[in-house]
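Right, one structure below, let's go through it.
Every heavy atom of this structure was used, including side-chain atoms; hydrogens, water molecules and symmetry mates were not.
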Amino acid sequence: MTDQPRIHLGTLLRSDADAHAEGELDHLNYEQGNEYQTLHFAEAAPYEIDVNSLGGDDMYLQGTFEPTLVMECARCLREVHVPLELQLGTLMRYDPSVEKPRLDEADTGEEILLFGEPDVDLSGYLAETTILAAPLSVLHAPDCKGLCQVCGHDLNEGPCEHMAQVPVEEIDDDLGTPEGTVHVRQNPFAALKDLDLPE
């Protein structure tokens, strides 16, 4: 188990030799918005990465990463394990002025990973790739009943006394229909009787 996914590109910068790194991670520490974040995994997440020279300071990273995210059910907040199988692929460029590895946009519009030190920490790249691939929301089961809106009871474990008091949907605002309003469906042909239609 490694603390950080790193790959050393010193030899590759001096020659056309390929670089390789592999290992397993149970978390990723990365920086987002000038704050440090941690992405935890439910089990060891294997990664395997190769970097090949494209000539000069340009390279290409490819490989695989298989993290199992720990997320919450969107309805009942139960823990849900979400396995991902990520195919990695991005341009890389050596730029001595870059303090920390960061993703940027190349002149061609493609995503590019810039780095300034031969020993490259890939934590930020793997974290961003994982977050972008993760679903926005998940359910622990397709028929999840969610939580009671009054007491917070998990309705998957059985009903509670408030179930009958919680409406499925209410419209009670200035733009909607006030509660208690009775809707009468009119005959759609009723208005036609006032029109002077040709026979």
Side-chain angles (χ1 to χ4, degrees), residues 1-15 17-54 56-140 144 147:
M1 194 81 63
T2 55
D3 292 332
Q4 290 179 311
R6 309 186 77 93
I7 189 165
H8 192 76
L9 302 178
T11 303
L12 191 149
L13 286 169
R14 295 190 299 270
S15 67
D18 299 338
H20 177 83
E22 60 182 87
E24 293 183 333
L25 303 164
D26 59 8
H27 70 282
L28 278 172
N29 294 320
Y30 64 102
E31 191 173 349
Q32 186 178 50
N34 296 323
E35 292 186 4
Y36 284 97
Q37 310 282 346
T38 300
L39 193 60
H40 292 283
F41 305 128
E43 56 190 51
Y47 69 90
E48 189 167 348
I49 292 169
D50 290 291
V51 178
N52 313 104
S53 175
L54 296 178
D57 293 330
D58 290 345
M59 308 167 191
Y60 191 76
L61 178 152
Q62 58 188 339
T64 59
F65 183 41
E66 299 179 8
T68 299
L69 295 180
V70 180
M71 299 182 67
E72 287 184 342
C73 176
R75 292 180 186 166
C76 70
L77 307 182
R78 290 187 184 186
E79 186 176 286
V80 183
H81 292 178
V82 182
L84 301 175
E85 295 183 3
L86 307 180
Q87 295 296 319
L88 308 175
T90 187
L91 292 170
M92 296 183 73
R93 178 171 297 155
Y94 173 63
D95 182 346
S97 66
V98 175
E99 295 182 4
K100 296 179 181 179
R102 72 172 191 272
L103 285 168
D104 207 336
E105 187 175 309
D107 297 336
T108 58
E110 295 178 89
E111 188 177 69
I112 188 168
L113 179 61
L114 302 176
F115 67 98
E117 294 290 336
D119 189 26
V120 185
D121 181 1
L122 297 171
S123 299
Y125 168 67
L126 290 181
E128 183 167 335
T129 303
T130 301
I131 291 169
L132 289 175
L136 294 178
S137 63
V138 294
L139 298 177
H140 87 277
C144 176
L147 303 176

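When all heavy atoms of Val138 and Glu72 are compared, the closest pair comes out as CG2-O, 3.7 Å. Smallest separation of non-hydrogen atoms from Pro46 and Ala44: CD-O, 3.4 Å. A pairwise comparison of heavy atoms in Ala21 and Arg6 identifies CB-O, 3.5 Å as the closest pair. Nearest approach of His27 to Phe41, heavy atoms of both residues: N-CD1, 3.7 Å. Lys100 and Val98 get closest at one heavy-atom pair: O-CG1, 3.0 Å. For the residue pair Ala133 and Leu84, the shortest heavy atom distance occurs at O-CD2, 4.2 Å.
In this structure, Glu85 and Thr64 have side chains that are not in contact, with every pair of non-hydrogen atoms separated by 4.5 Å or more. Between Phe65 and Leu122 there is no side-chain heavy-atom pair separated by less than 4.5 Å. At a threshold of 4.5 Å between non-hydrogen side-chain atoms, the residues Asp121 and Pro5 count as touching. Two residues are said to be in side-chain contact when any heavy atoms from C-beta on lie closer than 4.5 Å; Leu54 and Leu91 meet this criterion. Considering only heavy atoms from C-beta on, Leu61 comes within 4.5 Å of Ile49 through its side chain. Here the side chains of Leu126 and Leu25 are in contact, with some heavy-atom distance below 4.5 Å. Between Pro67 and Leu86, some side-chain heavy-atom pair lies under the 4.5 Å cut-off. No side-chain heavy atom of Gln62 sits under 4.5 Å from any side-chain heavy atom of Gln87.
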Side chain to side chain contact (heavy atoms under 4.5 Å, CB included) evaluation trace for His40 with Asp26: CA-CA 6 Å; His40 292 283; Asp26 59 8; over 6 Å; no
Run the side chain to side chain contact (heavy atoms under 4.5 Å, CB included) test on Val80 and Cys73 for me, step by step, so that the C-alpha distance in whole Å, both residues' side-chain angles and the decisive distance to 0.1 Å come before the verdict. CA-CA 6 Å; Val80 183; Cys73 176; 4.0 Å; yes
Side chain to side chain contact (heavy atoms under 4.5 Å, CB included) assessment of Tyr30 paired with Ile131: CA-CA 12 Å; Tyr30 64 102; Ile131 291 169; 3.5 Å; yes
Run the side chain to side chain contact (heavy atoms under 4.5 Å, CB included) test on Val120 and Tyr125 for me, step by step, so that the C-alpha distance in whole Å, both residues' side-chain angles and the decisive distance to 0.1 Å come before the verdict. CA-CA 10 Å; Val120 185; Tyr125 168 67; over 6 Å; no
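Here the straight-line distance linking atom NE2 of His140 with atom CG of Leu77 works out to 11.0 Å at 0.5 Å rounding. Separation of atoms CZ (Arg78) and CG (Leu147) is listed at 9.5 Å; rounding is to 0.5 Å. Atom CD of Gln37 is separated from atom OG of Ser123 by 13.5 Å, given to the nearest 0.5 angstrom. Rounded to the nearest 0.5 Å, atoms OG1 (Thr129) and CD (Glu111) are 6.5 Å apart. The CG atom of Leu9 sits 5.5 Å away from atom CE of Met59, with the distance rounded to the nearest 0.5 Å. Here the CG atom belonging to Asn52 is positioned 4.5 Å from the CG atom belonging to Asp18, to the nearest 0.5 angstrom.
One finds a salt bridge joining Arg93 and Asp58 here, because a Lys/Arg side-chain nitrogen approaches an Asp/Glu carboxylate oxygen to under 4.0 Å.
Listed by first and then second residue, the ring-ring contact (aromatic ring centres under 6.0 Å, His included) pairs that reach into residues 86-116 are Tyr94-Phe115, sequence neighbours excluded.
For the pair Arg75 (side chain) and Cys144 (backbone), a donor-acceptor distance under 3.5 Å is present.
The neighbour count for Glu66 CD, taken as heavy atoms of other residues, nucleotides or ligands under 6.0 Å away, is above 12.
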